[in-house]
Amino acid sequence: MHRRIFVPGVLGAASLMLAIPASAATHSPGAPGIGDPYYPAYGNGGYDVSHYDLRLKYQPATDRLEGTATILARTTEDLSRFNLDFLLEVGEVRVNGAKASFTASGEHELEITPKSPLGKGTPVTVVVRYSGVPSSKQAYGFTSWHRTPDGGVGANEPEAAWWWFPSNDHPLDKATYDVSVQVPDGTQAISNGTLQSTSSRLGWTRFNWRSDKPQATYLSTLAIGRFDLTTGTTASGIPVVNAYSKDLGANDGAARASVERTGEVADWLSEYFGPYPFNALGGYVPNTTTGYALETQTRPFYSPRQFANGSNVSVVVHELAHQWYGDLVSVRGWKDIWINEGFARYAQWLWSEHEGEGTAQELADYTYASYPAEDAFWTVAPGDPGPENQFDAAVYDRGALALQALRNEIGDEDFFALLRGWPTKYAYGNASVDDFRRYAEEVSGKPLAALFDTWLFQPSKPDAPAARAASVAKSSDTPAQPRSWRKIAATNDVHAH
């Protein structure tokens, strides 16, 4: 709760003026949102986080989580108060070593008032002690914590952190991470990055994970349960750690046959996108009832249902492509989701070419022909789909069509130089659809505003002349279905939550 200061009389007022610098009068609360129009309450204003140190203890039998989060940040304005995004019960907050008052507000806001106002540019250390049962918490009518028979999983998009650590929850504020988790012996804790160490004492085992490159909050993950871990190294020397629930049943073989190709796929993608940008790699398949997959940084999350019909390397390609397009270069705002999904879908088209199951052009032609002009598919604008359509099929399929149209307009040499140069230009940062258009024009030397508008923003199917000009659907004949079509279509709900 907030502390209130009562000042009796003039002497008290004078004392207060002496105790607080004159500049404190200009301090104001940080905004409860970072300014994203899709999700106005997500993220927070007034500071920038550089590192999260999370020390946790979890009991699978009860789903109880206890934690101490140490957050290193720097203020970007004069602050009298600031917010974190969080849902669990908070026992204590300290700011730069001093106890701070705090209160919960809204759906997921933790309001913190430090003992003394914070000036702009001040280094800040925030320590939050907390506990609770993540699966018992909801915000906006849903939960991003998935209870499993042997533990729990934090993984969702665009929000998952609130259920297990306090944060500035928006891709604009990336940070590095140390995640240390204590669990009962025989249980594993999986997170992002590299496993630094494990230790056991008195029936508990502690796993220490580190992500040493900037990472968005929604790309941070925690999975606790009984896993079978496999390890290896890619041809390029990146260590790989994969984890499979010991209770995947009939999906176990197909999951392993897919995820165990992670290193191969990452090396293949690096030929198109440049060197793999992180020092760890892998994937995990917990025993969840969810249906989606997610590009959690360095270690994607896959639900067992992704492998219900057999092996599914295409979904592995999709999530690993995000390591460059979504993780290394993240959206500036959630309206820029095409930067993530259109490119990950196009990577699946390139994999189809690689496997000899249909070229990207054949897939583009078939996709274009598959949606009649009156289909609602064409009313969604991938370049700014709206929060209700953020993961609509159009963002994926029409988004990939836009890339094929771009490829045909500027030619393979410039197109693949663009795919490789973009992750380097904005490495470990954020960028928008407009940034990509400008970069494409810079690389190709061509004006591309009309092409981007046609394929990403107009709420209608590009007419035949525009499609033919983009070498899509060259004739009125219905093209043959590429062999890879069904495999790719099976991943259409990859991020459907």
Side-chain angles (χ1 to χ4, degrees), residues 38 157-158 269 272-273 292-295 314-315 317-322 324-327 329-352 360-371 375-410 415 418-419 422-423 431-437 439-440 448-462 466-467 470-473 484-485 488-496:
Y38 276 25
E157 181 183 9
L269 283 166
Y272 291 98
F273 299 155
Y292 60 88
L294 184 62
E295 62 270 22
S314 189
V315 74
V317 171
H318 185 103
E319 301 309 334
L320 291 181
H322 278 311
W324 288 264
Y325 283 84
D327 296 11
V329 182
S330 300
V331 295
R332 191 178 300 279
W334 281 112
K335 72 181 182 65
D336 300 306
I337 191 66
W338 173 71
I339 294 292
N340 293 15
E341 303 304 343
F343 292 77
R345 174 51 50 86
Y346 196 76
Q348 293 176 274
W349 289 9
L350 293 175
W351 179 258
S352 173
Q361 185 63 67
E362 290 167 343
L363 283 158
D365 290 340
Y366 190 80
T367 300
Y368 179 85
S370 296
Y371 295 99
D375 196 301
F377 171 89
W378 297 107
T379 67
V380 176
D384 189 356
E388 69 283 358
N389 292 317
Q390 189 175 343
F391 302 107
D392 189 88
V395 177
Y396 298 75
D397 284 344
R398 187 175 174 182
L401 279 174
L403 285 170
Q404 185 63 27
L406 176 63
R407 177 180 177 179
N408 293 327
E409 175 67 19
I410 68 176
F415 179 74
L418 178 61
L419 287 190
W422 171 261
S432 67
V433 174
D434 284 343
D435 291 328
F436 186 84
R437 176 187 57 79
Y439 184 60
L448 298 169
L451 183 145
F452 274 75
D453 184 61
T454 296
W455 291 97
L456 291 181
F457 293 101
Q458 288 301 314
S460 59
K461 184 173 184 175
S471 298
V472 175
S484 61
W485 173 261
I488 295 171
T491 65
N492 277 347
D493 62 349
V494 67
H495 292 166

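Only this structure's heavy atoms are used, side chains among them; waters, hydrogens and symmetry mates stay out.
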Next item on the list: Grab the two heavy atoms, one from E319 and one from E295, that are nearest each other, plus how far apart they are.
Entry: OE1-N, 3.1 Å
Checklist line | Ring centre gap for F436 and Y325 strictly below 6.0 Å | finding: no
Next item on the list: Taking the side chain as every heavy atom from C-beta outward, state whether I488 and R345 have any atom pair closer than 4.5 Å.
Entry: yes
Next item on the list: Return yes if some donor-acceptor pair links the side-chain N/O of D453 with the main-chain N/O of A450 below 3.5 Å, else return no.
Entry: no
Note to self: Using modelled atom types and a 3.5 Å cut-off, is there a donor and acceptor pairing between side-chain atoms of Y368 and backbone atoms of P462?
What the structure shows: yes
Margin query: Tell me which pairs pass side-chain hydrogen bond (donor to acceptor under 3.5 Å, both in side chains) where either residue lies in residues 378-387, with sequence neighbours left out.
Written below: Y38-D384
Notebook entry, point to check: What closest approach, in Å, do P423 and V329 show between heavy atoms, and which atom pair accounts for it?
Noted result: CA-CG2, 3.7 Å
Next item on the list: Begin from the C-alpha positions of L419 and W324 and carry the test side chain to side chain contact (heavy atoms under 4.5 Å, CB included) through to its verdict.
Entry: CA-CA 10 Å; L419 287 190; W324 288 264; over 6 Å; no
Note to self: Just so I know, are the side chains of F452 and D434 near enough to count as touching, which here means a heavy-atom distance under 4.5 Å?
What the structure shows: no
Margin query: I need the minimum non-hydrogen distance between A449 and R437, along with the two atoms involved.
Written below: CA-CD, 3.9 Å
Checklist line | 4.5 Å side-chain heavy-atom contact, D336 and D435 | finding: no
Checklist line | Side chains of D397 and Y371 in contact at under 4.5 Å (non-hydrogen atoms) | finding: yes
Notebook entry, point to check: Can N340 and H322 be said to form a side chain to side chain contact (heavy atoms under 4.5 Å, CB included), step by step?
Noted result: CA-CA 6 Å; N340 293 15; H322 278 311; 3.7 Å; yes
Checklist line | Test item: R398 and V380 side chains (from C-beta on) under 4.5 Å apart, heavy atoms | finding: no
Next item on the list: For the residue pair W349 and L401, establish whether any side-chain heavy-atom pair is separated by less than 4.5 Å.
Entry: yes
Margin query: Counting C-beta onward and ignoring hydrogens, is there a side-chain heavy-atom pair between P385 and D392 closer than 4.5 Å?
Written below: no
Margin query: A side-chain contact here means heavy atoms from C-beta on lying under 4.5 Å apart; do Y396 and F391 qualify?
Written below: yes
Margin query: Set out, in order, the CA-CA distance, both residues' side-chain angles and the distance that settles side chain to side chain contact (heavy atoms under 4.5 Å, CB included) for F415 and N408, then state yes or no.
Written below: CA-CA 8 Å; F415 179 74; N408 293 327; over 6 Å; no
Check: Mind checking what makes side chain to side chain contact (heavy atoms under 4.5 Å, CB included) contact with A402, not counting sequence neighbours?
Finding: W338, W455, L456
Notebook entry, point to check: By side-chain hydrogen bond (donor to acceptor under 3.5 Å, both in side chains), which residues pair with R407, not counting sequence neighbours?
Noted result: Y346, D412
Notebook entry, point to check: Nearest heavy-atom pair of L269 and A321: which atoms, and what distance?
Noted result: CD1-N, 3.5 Å
Next item on the list: Over all heavy atoms of both residues, which pair between G383 and V433 is shortest? Give the atoms and the distance, please.
Entry: O-CG2, 4.0 Å
Check: Within 45° of the axis and under 6.0 Å from the centre of the six-membered ring of F377, does NZ or CZ of K461 qualify?
Finding: no
Notebook entry, point to check: Which pair of heavy atoms, one from G342 and one from L403, lies closest together, and at what distance?
Noted result: O-CD1, 3.6 Å
